[in-house]
Protein chains: 2
Amino acid sequence: MLNEQTTAAPRDCGDCPIRHRAVCARCEADELKRLDELKYYRSFEAGQTVIWSGDHMEFVGSVVTGIATLTQTMEDGRTQMVGLLLPSDFVGRPGRDAAAYNVVAITDMVMCCFRKKPFEQMMNETPHIAQRLLEMTLDELDAAREWMLVLGRKTAREKIASLMAIIARRDATLNLAGIDKPIVFDLPLTREAMSDYLGLTLETVSRQISALKKDGVIHLQGKRHVTVPDFERLLEEAGDDSDGGMLA
Amino acid sequence: MLNEQTTAAPRDCGDCPIRHRAVCARCEADELKRLDELKYYRSFEAGQTVIWSGDHMEFVGSVVTGIATLTQTMEDGRTQMVGLLLPSDFVGRPGRDAAAYNVVAITDMVMCCFRKKPFEQMMNETPHIAQRLLEMTLDELDAAREWMLVLGRKTAREKIASLMAIIARRDATLNLAGIDKPIVFDLPLTREAMSDYLGLTLETVSRQISALKKDGVIHLQGKRHVTVPDFERLLEEAGDDSDGGMLA
DNA sequence: ACCTAACTTTGACCCAGATCAAAAACCGAA
DNA sequence: TTCGGTTTTTGATCTGGGTCAAAGTTAGGT
């Protein structure tokens, strides 16, 4: 699997790659110092389960590097991905004891963790943390609702295009490559993980990716490396209106 | 349509039916007093659109009485409900200018509104409001994710049973009638609204309701009045595990 | 290099739910 | 109490995506 970075954990918050996007983004120097004393790093290998749904959670934290999925499973094994956790995303819910979802690392991953109790304590005393967490939670809620439209009303082809668009957009944001040039990225997900995200079977995912490729909407080198020659075209295929609804 | 309460707006926060569940739930007397000066009531008729997606929003607020839906629409008219707004639910997003969804009153409805700017101002100065809003947003995020599983992985029959279970549970919570007795409630939604919620056609909704009725899972008087003789049975039909995952 | 296990693609067939169509039930207004 | 529009039910048929099966591809380990 992808093993992009065997990053050593940053020793200091000042060096942290997610410093300005994570739950600590608004903290002042003194607040950061307090957090610094609370935090510890944990590494997970690709494929490793971070938390099982229903388990007691003794920590919350942020994804520093790598990618994880948030999934829900029914007794008969049907599973639905309900979130994709990227660097800076927050894991866990302050004020809740039991995990509501499975969290699985899909690449090697490093998390910046805080024991739950002290973090909750600090959150009560530090509006900057609670404010940022609210903002992040509202963003996640918007993303979840956007995904409800995808799951409830889009065709298989539109679903695949929507997923590609989301990943492409994220990469465009990170790499600042401008949206007019061809966008190039690696799919972080297996076909099976995509099917869990999109509410499809992996066979349908494979077929629709082949179809989009045949129609020139995307270009593949290998199974995972994707080029999008025309982002507008991809958005049309996704059924989104042309501006894509991105907000600051 | 349902016209349950032609409630006069409560003149004072002390009399407010949603005082202890809404965004103001944690406010102290002095904080409440400040909010009181900011607030104004607006009434909407059944069927009236409260906000159009994309519109500038000059207010945020709480549903006091009545029910509204939050929907997303594609250009070709496909629509997906992404939330059901019940009394005490919050409408609008502090820090965002344009509405992201359509909000439509489906019964007569009264909202307690605040002009957005002053409310944001007050939120910054009043941790109790921000804390409660965070809590409510986290709950909504959980609800949205539960719904992603319904939309992505459940069959039509399971979807209907899931919807009934959600409404039944809400009524059980409000009416405190105990979960062992038969549960009785009125569907607040038309078949079409249900189909928009569940990602189905209204014909399929109708057929599956008939099927659940024939199989004795639910009982109907008229089109809207539902009796659930055995809630456990309903949960099985919904594909949920028996405990239903309710948390405080 | 080769082997193995995981991942991916492709094909053939089927079915749950969509679509198209029409009848029935309901509700409020005149 | 009847009328007209809305909501709901039911029927017939079609189809997108699921299921089952098998073959192809890829990457890491020895």
Side-chain angles (χ1 to χ4, degrees), chain A residues 1-4 6 45-48 74 76-80 104 106-108 150-163 186-214 218 220-226 237 239, chain B residues 1-3 45-47 74 76-80 106-108 150-163 186-214 218 220-226 237 239:
Chain A
M1 209 133 296
L2 299 187
N3 227 341
E4 340 180 346
T6 314
E45 290 178 10
Q48 200 181 344
M74 297 170 68
D76 62 8
R78 281 177 281 174
T79 85
Q80 175 64 52
V104 179
I106 60 169
T107 64
D108 289 347
V150 172
L151 291 173
R153 292 304 186 189
K154 291 195 178 178
T155 64
R157 170 182 263 243
E158 288 170 333
K159 285 178 173 183
I160 297 291
S162 298
L163 179 58
D186 283 300
L187 288 173
L189 303 173
T190 65
R191 301 292 186 258
E192 187 183 31
M194 287 188 245
S195 73
D196 285 341
Y197 205 176
L198 297 167
L200 297 170
T201 59
L202 83 180
E203 293 95 328
T204 298
V205 169
S206 182
R207 274 188 254 270
Q208 295 298 336
I209 289 180
S210 298
L212 287 177
K213 177 174 140 191
K214 181 164 65 65
I218 60 174
L220 285 181
Q221 289 111 334
K223 307 295 179 189
R224 299 288 195 90
H225 192 74
V226 179
E237 292 286 353
Chain B
M1 210 132 294
L2 301 185
N3 227 341
E45 290 179 10
M74 296 171 67
D76 62 8
R78 282 176 282 175
T79 84
Q80 176 65 51
I106 61 168
T107 64
D108 289 348
V150 172
L151 291 173
R153 291 305 187 189
K154 291 195 178 179
T155 63
R157 170 182 262 246
E158 289 170 332
K159 284 178 173 182
I160 297 291
S162 298
L163 179 59
D186 284 300
L187 287 173
L189 303 174
T190 65
R191 301 291 187 259
E192 187 183 30
M194 289 188 245
S195 75
D196 285 342
Y197 206 176
L198 297 166
L200 297 170
T201 59
L202 83 180
E203 293 95 328
T204 298
V205 169
S206 180
R207 276 187 251 271
Q208 295 298 335
I209 288 181
S210 299
L212 287 177
K213 179 174 138 192
K214 183 164 64 66
I218 60 174
L220 284 183
Q221 288 112 333
K223 307 296 181 190
R224 298 289 194 90
H225 193 74
V226 180
E237 292 287 354

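Note on naming: letters A, B, ... go to the chains in the order of the sequence lines (proteins, then strands), and numbering restarts at 1 for each one.
- Of the listed nucleotides (C:dT10, D:dT10, D:dT25), D:dT10 has the atom at the smallest distance from the side chain of B:Ser210.
- A:Met194 places its CE atom 11 Å from the C1' atom of C:dC7, with the value rounded to the nearest Å.
- Contacts of B:Arg78 classified as salt bridge (charged side-chain N to carboxylate O under 4.0 Å, His left out), with partners at least two apart in sequence or in another chain: A:Glu158, B:Asp76.
- The salt bridge (charged side-chain N to carboxylate O under 4.0 Å, His left out) search around A:Lys154 returns A:Asp240, not counting sequence neighbours.
- One atom, CD of B:Glu203, and another, P of D:dT10, lie 13 Å apart when rounded to the nearest Å.
- Between the NZ atom of B:Lys223 and the P atom of D:dT6 there is a distance of 18 Å, given to the nearest Å.
- When the salt bridge (charged side-chain N to carboxylate O under 4.0 Å, His left out) test is applied to A:Arg207, no partner is found at least two apart in sequence or on another chain.
- In terms of heavy atoms, B:Leu220 sits closest to B:Lys213 at CD1-CD, 3.9 Å.
- In this structure, NE2 of B:His225 is placed 18 Å from C1' of D:dT8, rounded to the nearest angstrom.
- Every residue meeting the side chain to side chain donor-acceptor pair (under 3.5 Å) condition with A:Thr204, not counting sequence neighbours, appears here in chain and number order: A:Thr201.
- Applying the side-chain contact (heavy atoms from CB on, under 4.5 Å) rule to B:Thr79 yields the partners B:Thr73, B:Asp196; only residues at least two apart in sequence or on another chain are considered.
- By the salt bridge (charged side-chain N to carboxylate O under 4.0 Å, His left out) test, A:Glu203 is found to be paired with no residue, residues two or more places apart in sequence or in another chain being considered.
- Under the rule for a side-chain contact (heavy atoms from CB on, under 4.5 Å), B:Ser210 has no partner lying at least two apart in sequence or in another chain.
- Atom CG of A:Leu187 and atom C1' of C:dC7 are 13 Å apart (whole Å).
- Straight-line distance from the CD1 atom of B:Ile209 to the C1' atom of D:dT7: 12 Å, rounded to whole Å.
- Evaluation of atom-type donor-acceptor distances gives no pair under 3.5 Å for the side chain of A:Glu192 against the base of C:dC7.
- The terminal axes of the helix from C:dA1-D:dT30 to C:dA30-D:dT1, fitted over 5 pairs per end, subtend an angle of 40° to the nearest 10°.
- Residue B:Arg224 contributes atom CZ, which lies 13 Å from atom C1' of C:dA25 at whole-angstrom precision.
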Between the protein and nucleotides 16-18 of chain C, are there any N/O to N/O pairs under 3.5 Å, and if so, what are the atom names and distances?
residue, atom, partner, partner atom, Å
C:dG17, OP1, B:Ala156, N, 2.8
C:dA18, OP2, B:Thr201, N, 3.4
C:dA18, OP2, B:Thr201, OG1, 3.1
C:dA18, OP2, B:Thr204, OG1, 2.5

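- Within the structure, every side-chain polar atom (N or O) of B:Arg191 is placed at least 4.0 Å from both OP1 and OP2 of D:dT6.
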